[in-house]
Student: 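Following this message is one structure expressed as structure tokens.
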Amino acid sequence: MERQLEIPAATGPADAWADLDGELERVGVALTPPLLTPEECAEVIAMFGRDDLFRSTVVMSRHAFGEGTYRYFRDPLVPIVQGLRERLYPPLARLANRWAARLGERAWPEDLDGLLAECAEAGQHRPTPLLLRYGPGGHNCLHQDVYGEVTFPIQVAVMLSTPDADFTGGESVFVEQRPRAQSRPIVARPTLGQGVVFPVRHRPVPSARGYKRVAMRHGVSTVTGGERHVLGVIFHNAT
């Protein structure tokens, strides 16, 4: 029997994680219990204006990525981001290795240090956790967060704003591209402090001959009012 995904939550009952693994298997996207408290969410949002915490800033409209701005954290990562990255990685690595076995792909290290060592060997040294901000009209075109040869297959986006209070619209959107079939849309609405777990590039889906590789892209629908802030926790580093 396969082990269920177990990630200790910062808040909320531990048993709230019991169905996360199954939801990823069934849907391809899963919502976590709260990972950050409201106070921690506000603390991370306030970091957006601190240039000393970030290595680069991307204005999305300049690159036809969408409308909005995101900033990549620099090393050393702030403790709240580093803590999430370290705590979330091991159980997600167990899931990633089950996916890898089904698809005949490479195995992943059990801890984050092992992954980052592999990234360094491949010339990927720059941290990838990022803070995103969208105002009215903001959106993110469908994409995949691939930054080099080493690409860990799962990532997490943590909602820092309160839907329908701080902003309207701005749903998390995913499109699954199944071979020889029409694409399947998925919409997720995490609440304050909650995370969305999803594939970076693809995931295994049962088929008549075992498992097939199904590609997925993600984005954000148009924000119709207010400001939407999200913390992206990506585990592999960039070149």
Student: Go through the steps for Leu131 and Val44 under the test side-chain contact (heavy atoms from CB on, under 4.5 Å), then give the verdict.
Tutor: CA-CA 8 Å; Leu131 184 55; Val44 177; 3.9 Å; yes
Student: Do any N or O atoms from the side chain of Gln194 and from the backbone of Thr191 form a donor-acceptor pair under 3.5 angstrom?
Tutor: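 Side chain of Gln194 to backbone of Thr191: a pair is present.
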Student: Parallel, tilted or perpendicular: which fits the ring planes of Phe152 and Trp108, with parallel below 30° and perpendicular above 60°?
Tutor: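 Phe152 vs Trp108 ring planes: perpendicular.
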Student: Around atom CZ of Arg106, are there more than 12 heavy atoms of other residues, nucleotides or ligands at under 6.0 Å?
Tutor: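 Result for CZ/Arg106: enclosed.
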Student: Do Pro153 and Val200 come close enough that some side-chain heavy atom pair is under 4.5 Å?
Tutor: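 When only atoms from C-beta onward are counted, Val200 and Pro153 do not touch, as no gap falls below 4.5 Å.
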Student: Looking at side-chain heavy atoms only, is the closest gap between Arg201 and Val146 below 4.5 Å?
Tutor: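 When only atoms from C-beta onward are counted, Val146 and Arg201 do touch, with a gap below 4.5 Å.
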Student: Using every non-hydrogen atom in the two residues, find where Trp99 and Pro199 come nearest and quote the distance to one decimal.
Tutor: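 So the minimum-distance heavy-atom pair works out to CH2-CG, 3.9 Å.
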Student: Would you say the side-chain atoms of Thr32 pair up with the backbone N or O of Gly195, donor to acceptor, closer than 3.5 Å?
Tutor: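 Such a contact is found between Thr32 side chain and Gly195 backbone.
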Student: May I ask whether Met47 and Val230 are part of the same hydrophobic cluster, defined by side-chain heavy atoms of I, L, V, M, F, W, Y residues being less than 4.5 angstrom apart, directly or through others?
Tutor: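 Looking at the clustering, Val230 is in a separate group from Met47.
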Student: Would you say Arg133 and Phe48 make side-chain contact, with heavy atoms under 4.5 Å?
Tutor: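 SC-SC contact between Arg133 and Phe48 confirmed.
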Student: Compare all side-chain heavy atoms of Leu231 with those of Val81 and state whether any distance is below 4.5 angstrom.
Tutor: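 Result yes, sub-4.5 Å side-chain heavy-atom pair found.
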Student: Around atom CD of Glu149, are there more than 12 heavy atoms of other residues, nucleotides or ligands at under 6.0 Å?
Tutor: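 Atom CD in Glu149 is not packed in, count stays at 12 or less.
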Student: Under 6.0 Å between ring centres: does that hold for Phe54 and Tyr72?
Tutor: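 No, ring centres 6.0 Å or more apart.
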Student: Would Tyr211 and Val205 count as a side-chain contact (heavy atoms from CB on, under 4.5 Å) if you check the C-alpha gap in whole Å, the side-chain angles of each, and the deciding distance to 0.1 Å?
Tutor: CA-CA 5 Å; Tyr211 287 90; Val205 172; 5.8 Å; no
Student: Please assess His202 against Glu176 for the test side chain to side chain donor-acceptor pair (under 3.5 Å), listing each intermediate value before the final yes or no.
Tutor: CA-CA 8 Å; His202 58 254; Glu176 192 173 72; over 6 Å; no
Student: Report yes if the side chains of Met60 and Glu67 come closer than 4.5 Å at any heavy-atom pair, otherwise no.
Tutor: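 When only atoms from C-beta onward are counted, Glu67 and Met60 do not touch, as no gap falls below 4.5 Å.
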Student: Is it true that a side-chain atom of Arg213 and a backbone atom of Arg203 form a donor plus acceptor pair closer than 3.5 Å?
Tutor: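 No; judged by distance alone, with no hydrogens or angles, the pair does not exist.
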Student: Apply side chain to side chain donor-acceptor pair (under 3.5 Å) to residues Arg71 and Thr57 and explain how you reach the verdict.
Tutor: CA-CA 4 Å; Arg71 311 194 75 180; Thr57 300; 2.7 Å; yes
Student: Measure the OG1-CD distance between Thr37 and Glu40 for me, rounded to the nearest 0.5 Å.
Tutor: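 Thr37 OG1 to Glu40 CD: 3.5 Å, rounded to 0.5 Å.
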Student: Leu36 vs Leu160, test: side-chain contact (heavy atoms from CB on, under 4.5 Å). Steps then yes/no.
Tutor: CA-CA 8 Å; Leu36 298 177; Leu160 303 175; 3.9 Å; yes
Student: Do Phe73 and Tyr89 share a hydrophobic cluster, counting only Ile, Leu, Val, Met, Phe, Trp and Tyr and linking them when any side-chain heavy atoms are less than 4.5 Å apart?
Tutor: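 Linked within one cluster.
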Student: If you compare all heavy atoms of Pro190 against all heavy atoms of Pro163, which two are closest, and at what distance to 0.1 Å?
Tutor: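 Closest heavy-atom pair between Pro190 and Pro163: O-CG, 3.3 Å.
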Student: Would Asp164 and Arg189 pass as an ion pair if we require N to O under 4.0 Å?
Tutor: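 Yes, charged N to carboxylate O under 4.0 Å.
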Student: Do the two ring centres, one from His218 and one from Phe198, sit under 6.0 Å apart?
Tutor: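 When the ring centroids of His218 and Phe198 are compared, they turn out to be within the sub-6.0 Å range.
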Student: What closest approach, in Å, do Val29 and Glu23 show between heavy atoms, and which atom pair accounts for it?
Tutor: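 Answer, listing the atom of Val29 first, then Glu23: O-CG, 3.5 Å.
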Student: Assigning hydrophobic clusters by single linkage (Ile, Leu, Val, Met, Phe, Trp, Tyr; side-chain heavy-atom cutoff under 4.5 Å), is Leu192 placed with Val196?
Tutor: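 No; tracing contacts between hydrophobic side chains, which count when under 4.5 Å, never links both residues.
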Student: Are Leu31 and Ile186 linked, directly or through other ILVMFWY residues, by side chains that come within less than 4.5 angstrom of each other?
Tutor: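 Yes; Ile186 is reachable from Leu31 via cluster members.
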Student: Strictly distance-based, threshold 3.5 Å: is any side-chain N or O of Glu86 a donor or acceptor partner for the main-chain N or O of Gly83?
Tutor: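 No; judged by distance alone, with no hydrogens or angles, the pair does not exist.
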Student: Angle class for the Tyr147/His236 ring planes (parallel below 30°, perpendicular above 60°, tilted otherwise)?
Tutor: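 Tyr147 and His236: tilted rings.
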Student: Do the side chains of Glu25 and Arg102 get close enough for a salt bridge, i.e. N-O under 4.0 angstrom?
Tutor: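 Yes, charged N to carboxylate O under 4.0 Å.
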Student: Taking the side chain as every heavy atom from C-beta outward, state whether Leu24 and Leu95 have any pair of such atoms under 4.5 Å apart.
Tutor: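 The answer is yes; the side chains approach within 4.5 Å.
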Student: Are Val78 and Tyr70 connected into the same hydrophobic cluster when the rule is that any two of I, L, V, M, F, W, Y join if their side-chain heavy atoms are below 4.5 Å apart?
Tutor: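 Looking at the clustering, Val78 is in a separate group from Tyr70.
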Student: Which heavy atom in Gly226 sits nearest to a heavy atom in Pro136, and how many Å separate them?
Tutor: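 Shortest heavy-atom contact: O-CD, 3.3 Å.
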Student: Between Tyr134 and Asn140, does a side chain to side chain donor-acceptor pair (under 3.5 Å) hold up when you go through it step by step?
Tutor: CA-CA 9 Å; Tyr134 305 89; Asn140 199 342; 3.1 Å; yes
Student: Is any side-chain heavy atom of Leu88 closer than 4.5 Å to a side-chain heavy atom of Leu35?
Tutor: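 The answer is yes, as the side chains (C-beta and beyond) meet within the 4.5 Å cut-off.
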Student: In Å and rounded to the nearest 0.5 Å, what is the CZ to CG distance from Arg98 to Leu103?
Tutor: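 One gets 13.0 Å once the value is rounded to the nearest 0.5 Å.
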Student: Would you indicate whether the side-chain heavy atoms of Pro129 and Leu77 approach each other to under 4.5 Å?
Tutor: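 A side-chain contact exists here, since the closest heavy-atom pair is under 4.5 Å.
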Student: Which atom names give the shortest non-hydrogen contact between His139 and Val220, and what distance separates them?
Tutor: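 Taking His139 first and Val220 second, the nearest heavy atoms are CB-O, 3.4 Å.
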Student: Enter the distance from Leu112:CG to Leu92:CG here, rounded to the nearest 0.5 Å.
Tutor: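 That separation rounds to 11.0 Å.
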Student: To the nearest 0.5 angstrom, please state how far the SG atom of Cys119 sits from the CZ atom of Arg126.
Tutor: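 The CZ atom of Arg126 is 12.5 Å from SG of Cys119, to the nearest 0.5 Å.
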Student: Do NZ/NE/NH1/NH2 and the carboxylate oxygens of Glu110 and Arg94 come within less than 4.0 Å?
Tutor: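 Salt bridge between Glu110 and Arg94, a charged N being under 4.0 Å from a carboxylate O: no.
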Student: As a quick check of understanding, evaluate side-chain contact (heavy atoms from CB on, under 4.5 Å) for Leu132 and His229, giving each step before the final call.
Tutor: CA-CA 6 Å; Leu132 303 99; His229 292 84; over 6 Å; no
Student: Please report the interatomic distance SG(Cys41) to CD1(Ile80), rounded to the nearest 0.5 Å.
Tutor: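 Taking SG in Cys41 and CD1 in Ile80, the distance rounds to 7.5 Å.
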Student: Given 3.5 Å as the limit, does a donor-acceptor pair link the side chain of Thr128 with the main chain of Ile234, or not?
Tutor: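 Indeed, once roles are kept as given, a pair shorter than 3.5 Å links the two residues.
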Student: Counting distance only, does the side-chain N/O of Arg55 pair as donor-acceptor with the main-chain N or O of Pro127 below 3.5 Å?
Tutor: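 Confirmed, Arg55 side chain pairs with Pro127 backbone.
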Student: If every non-hydrogen atom of Ala93 is compared with every non-hydrogen atom of Pro109, which pair is closest and at what distance?
Tutor: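 Heavy atoms of Ala93 and Pro109 come nearest at CB-O, 3.6 Å.
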Student: Can a side-chain donor-acceptor contact be found between Glu171 and Ser221 if the only test is distance below 3.5 angstrom?
Tutor: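 The answer is yes; a qualifying pair exists.
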